[in-house]
There are 2 protein chains.
Amino acid sequence: MPPRRGQQLVQSLERGLAALEMALDGNVRPSHVAEALGIDRSTAYRLLYTLMAKGYLLQDERTREFTSNPAKFFQLYGKVATLLDWSDVAGDFLTRLRDQSGETANLGVRQANNVIYIAHKPGQAALSVNFALGTSRPLHCSALGKALLAAQPDAVTAEWVASAALTSYTAKTITEPSRLKRHLERVRVEGYAVDDEETFAGVRCIAAPIHDHRAQVIAALGISGPTTRITHEQLPHFAQNVMQVAAQLSAELGAPVAEL
Amino acid sequence: MPPRRGQQLVQSLERGLAALEMALDGNVRPSHVAEALGIDRSTAYRLLYTLMAKGYLLQDERTREFTSNPAKFFQLYGKVATLLDWSDVAGDFLTRLRDQSGETANLGVRQANNVIYIAHKPGQAALSVNFALGTSRPLHCSALGKALLAAQPDAVTAEWVASAALTSYTAKTITEPSRLKRHLERVRVEGYAVDDEETFAGVRCIAAPIHDHRAQVIAALGISGPTTRITHEQLPHFAQNVMQVAAQLSAELGAPVAEL
DNA sequence: CCCTCGTGTTGCGTAATTCGCACATGCAGC
DNA sequence: GCTGCATGTGCGAATTACGCAACACGAGGG
């Protein structure tokens, strides 16, 4: 057993990163950061100033507001090449899924308690689901998220379900731990997950897991569309389609062929 | 006059960011970071651990190495929407320039003493210049960089030229401050910058500045190709092409129409 | 098999670093 | 001008982070 992990975090770094993320959500001023983090204005200022000196933030000469430095983040992101590569690999499959289903196809990975959308092909219908890349959504109410959750070992899922904050977004969001647990078991059995207006009213999504060469689940692939087109009657048909393309993408990544 | 800026940086945050950037350049271990930053292993470990706790890094269960968390960076980058938008706006112009010139077209912005490539269209010839988005290159020896430098007020340029480290990459790299200063003056007069094998032997680049609606230079657009195709005879012709498309992009951004 | 070396990880005391207070400065609005 | 409000900056106090030292563990060699 590996030694149990420490829990003492470096406070200044922790606060600095929090300030950085605040700046990414919109321009910030020392007073805002100070209030949000419960620290003194001067401390907040020094954190922001340090972030600026290291190139992460810029300061508007006139308004004195601190703003994120896009170029810096682009540079950092450029070094994390894997996801760009991902888009390249998955692009064809997303297009195929989009064209076959007629709906927006998207691909996401897990990041803490969220799914991050890392690639997509927006649907071409007048009414289509659309959102920016990099968007994050809760695991428990998105199809991609549930597909990822269901792929975990039972014990892990049980613990997560018990401790997670199951925020409600619509009347249909599953907020009861026990119900979510049963729901996820069914997802695993069926091989696909459905978000039935649990995040946005009028939007239904279907997703299936993607496996890598070690049969590990590393991402999820799915479609999102209006309930008027993804009807309950059509749902199984769409689900077959999603699972099929997900299996193809998994195969492309070298996953051992399980079923099909 | 605004109060003169402080110079005291928050040490822990500074070191933490340094550790983070090391991790982005490849997996790191506490001992590596400690040695590189001249700090104790335990300190390096705590920084890395904090970065992991906040989602920036992951730790391999087996090798204990810390590695960057791509999903986190994608999420952060997704919040900095401007550059993605940029690619959308500039995409058509890059394609146009690529098709007209037959060479790789690229767009970059300044980040400290570097140019960051934020969008490009690789040339389709068998022998074409190609590199990943997010790459950075020194200002003084790249065409994009020189186009950006030349757009500054004289005093700023003079100071920069005097204090910058003009590293040599090829025999043709300009490393003398006075010569670079004269060179940049000529760039401004002519309206375009040339990198004549100053970064890579056999590669010639041409670039021109992009102005926004306030006539501020915010980026540079250019082409890169082998010296066998971008010959000295053809250079003026290519330059006209680059300047023309740069002017079109500037106009698209609402820049006041100056010449042409 | 033991011994050594190197590394990840943690406890602890010290001292350096950071924090918050207080103030100077600048700016907007009455 | 005066008042309110925010940014930016000394400075002393003490919290915080740092380095030392030690433990656990694995690799490699004798």
Side-chain angles (χ1 to χ4, degrees), chain A residues 1-69, chain B residues 1-69 72 112:
Chain A
M1 176 162 143
R4 64 191 180 290
R5 310 309 307 276
Q7 62 278 21
Q8 276 192 124
L9 304 184
V10 179
Q11 193 184 57
S12 311
L13 179 54
E14 207 181 353
R15 290 175 171 177
L17 295 174
L20 178 64
E21 298 194 24
M22 283 187 66
L24 286 174
D25 280 330
N27 298 358
V28 291
R29 322 168 121 267
S31 48
H32 295 164
V33 174
E35 192 184 4
L37 301 183
I39 59 180
D40 195 80
R41 281 205 317 280
S42 62
T43 304
Y45 172 73
R46 283 185 263 255
L47 293 174
L48 291 170
Y49 185 77
T50 302
L51 288 167
M52 188 185 66
K54 298 294 260 178
Y56 291 78
L57 300 181
L58 300 170
Q59 188 174 24
D60 188 295
E61 284 293 336
R62 206 173 48 77
T63 67
R64 308 269 89 194
E65 277 186 335
F66 289 88
T67 179
S68 57
N69 181 357
Chain B
M1 175 165 149
R4 63 192 179 287
R5 309 311 306 277
Q7 61 279 21
Q8 275 192 122
L9 304 184
V10 178
Q11 191 184 57
S12 313
L13 180 53
E14 207 181 353
R15 289 175 171 179
L17 295 173
L20 179 64
E21 298 195 23
M22 282 187 66
L24 285 174
D25 280 329
N27 299 359
V28 291
R29 321 165 124 271
S31 48
H32 295 166
V33 174
E35 191 185 6
L37 301 183
I39 61 181
D40 195 80
R41 278 207 320 279
S42 63
T43 303
Y45 172 73
R46 284 185 262 256
L47 293 173
L48 291 171
Y49 185 77
T50 302
L51 289 167
M52 187 185 65
K54 299 292 261 177
Y56 291 79
L57 301 181
L58 300 170
Q59 188 175 24
D60 188 295
E61 283 294 334
R62 209 175 46 78
T63 67
R64 308 269 90 191
E65 278 187 335
F66 289 88
T67 178
S68 58
N69 181 356
K72 177 73 176 184

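Order of the sequence lines fixes the chain letters, A, B, ..., with proteins taken first and strands second; residue numbering starts at 1 for each chain. Just so it is clear, the structure is predicted and the values come from calculations on it, not from any experiment.
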A.B. asks: At a heavy-atom distance below 4.0 Å, what parts of residues 29-37 of chain B sit against DNA chain C?
C.D. replies: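 The stretch gives B/Arg29, B/Pro30, B/Ser31 as the residues lying under 4.0 Å from the strand, ordered by number.
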A.B. asks: Report yes if a side-chain nitrogen or oxygen of B/Gln59 is closer than 4.0 Å to either non-bridging phosphate oxygen (OP1 or OP2) of C/dT9; otherwise report no.
C.D. replies: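 For C/dT9, OP1/OP2 do have a side-chain N/O of B/Gln59 under 4.0 Å.
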A.B. asks: Want to settle it: does A/Ser42 or B/Arg41 sit nearer the 5' end of DNA chain D, counting the closest nucleotide to each?
C.D. replies: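 Final value for this comparison: A/Ser42.
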A.B. asks: Check every atom of C/dG20, C/dT9, C/dC19 against the side chain of A/Ile39 and return the nucleotide holding the closest atom.
C.D. replies: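 Of the options given, the side chain of A/Ile39 lies nearest C/dG20.
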A.B. asks: Nearest whole Å is fine: how far is C/dG8 P from B/Glu61 CD?
C.D. replies: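 To the nearest whole Å, that distance equals 15 Å.
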A.B. asks: How close or far is atom C1' of C/dT17 from atom CG of B/Leu47, stated in whole angstroms?
C.D. replies: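 Nearest whole value for this atom pair: 14 Å.
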A.B. asks: Whole-Å distance between C/dG8 P and B/Asp60 CG?
C.D. replies: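 After rounding, the gap between these two atoms is 13 Å.
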A.B. asks: Round to a whole Å and report the spacing from CG of A/Leu13 to C1' of D/dC18.
C.D. replies: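 Checked: the CG to C1' distance equals 14 Å.
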A.B. asks: Which atom pairs, donor and acceptor, lie under 3.5 Å between side-chain atoms of residues 26-36 of chain A and protein residues at least two apart or in another chain?
C.D. replies:
from, atom 1, to, atom 2, distance (Å)
A/Asn27, OD1, A/Thr67, OG1, 3.0
A/Asn27, ND2, A/Glu65, OE1, 3.3
A/Arg29, NH2, A/Thr63, O, 3.2

A.B. asks: Can you find a heavy atom in the side chain of B/Phe66 that is under 4.5 Å from one in the side chain of B/Tyr56?
C.D. replies: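 Of all side-chain heavy-atom pairs linking B/Tyr56 with B/Phe66, none is under 4.5 Å.
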A.B. asks: What is the separation between atom CD on A/Glu65 and atom P on D/dC5, rounded to the nearest whole Å?
C.D. replies: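 So the two atoms are 19 Å apart, to the nearest Å.
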A.B. asks: Is there a side chain to side chain contact (heavy atoms under 4.5 Å, CB included) between A/Leu20 and A/Leu47 once you walk through the steps?
C.D. replies: CA-CA 9 Å; A/Leu20 178 64; A/Leu47 293 174; over 6 Å; no
A.B. asks: When the distance from CG of A/Leu9 to P of D/dT16 is rounded to whole Å, what number comes out?
C.D. replies: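 So the two atoms are 13 Å apart, to the nearest Å.
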A.B. asks: How far does CG of A/Leu13 sit from CZ of B/Arg15, to the nearest 0.5 angstrom?
C.D. replies: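 CZ of B/Arg15 is found 12.0 Å from CG of A/Leu13.
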A.B. asks: Consider the side chain of A/Arg46, meaning its heavy atoms from C-beta on, and name the nucleotide among C/dT9, D/dG8, D/dC11 that approaches it most closely.
C.D. replies: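 Ranking C/dT9, D/dG8, D/dC11 by closest atom to the A/Arg46 side chain puts D/dC11 first.
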A.B. asks: Output the rounded distance in Å from OH (A/Tyr49) to C1' (C/dC19).
C.D. replies: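 Nearest whole value for this atom pair: 19 Å.
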A.B. asks: Residues of residues 14-25 of chain A with any non-hydrogen atom less than 4.0 angstrom from an atom of DNA chain D: list those, numerically ordered, please.
C.D. replies: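 Of all residues in residues 14-25 of chain A, none places a heavy atom under 4.0 Å from DNA chain D.
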A.B. asks: Choosing from C/dC19, C/dC21, D/dG8, which nucleotide comes nearest the side chain of A/Gln11?
C.D. replies: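 Given the options C/dC19, C/dC21, D/dG8, the side chain of A/Gln11 is closest to C/dC19.
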A.B. asks: Rounded to the nearest angstrom, tell me the gap between atom OH in B/Tyr45 and atom P in C/dG11.
C.D. replies: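 The distance from OH of B/Tyr45 to P of C/dG11 comes to 10 Å, rounded to the nearest Å.
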A.B. asks: Measure the CG-CZ distance between A/Asp40 and A/Arg46 for me, rounded to the nearest 0.5 Å.
C.D. replies: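 Reported to 0.5 Å precision, the distance equals 8.0 Å.
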A.B. asks: Using modelled atom types and a 3.5 Å cut-off, is there a donor and acceptor pairing between side-chain atoms of A/Asn69 and backbone atoms of A/Gly55?
C.D. replies: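 Yes, the answer is positive, given that a donor and an acceptor are paired below the 3.5 Å cut-off.
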A.B. asks: Classify A/Ser12 by what it touches in the nucleic acid, base, sugar-phosphate, or nothing, heavy-atom distance under 4.0 Å.
C.D. replies: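 Sugar-phosphate contact only - A/Ser12 comes under 4.0 Å of backbone atoms but never of a base.
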A.B. asks: Ignoring backbone atoms, test whether A/Arg64 places a side-chain nitrogen or oxygen under 4.0 Å from the OP1 or OP2 oxygen of D/dA6.
C.D. replies: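 Answer no for this pair, as no side-chain N or O of A/Arg64 is under 4.0 Å from OP1 or OP2.
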A.B. asks: Using every non-hydrogen atom in the two residues, find where A/Gly16 and A/Leu51 come nearest and quote the distance to one decimal.
C.D. replies: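 Closest approach of A/Gly16 to A/Leu51, heavy atoms only: O-CD1, 3.5 Å.
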A.B. asks: Between B/Thr50 (side chain) and A/Val10 (backbone), is there a donor-acceptor pair under 3.5 Å?
C.D. replies: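 Yes; judged by distance alone, with no hydrogens or angles, the pair exists.
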A.B. asks: Test side chain to side chain contact (heavy atoms under 4.5 Å, CB included) on B/Leu58 and B/Met52; report intermediate values, then the result.
C.D. replies: CA-CA 6 Å; B/Leu58 300 170; B/Met52 187 185 65; 5.7 Å; no
A.B. asks: Hey, could you give me the OG1/CD distance between B/Thr43 and B/Gln11, rounded to the nearest 0.5 Å?
C.D. replies: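 Spacing of OG1 (B/Thr43) from CD (B/Gln11) equals 9.0 Å.
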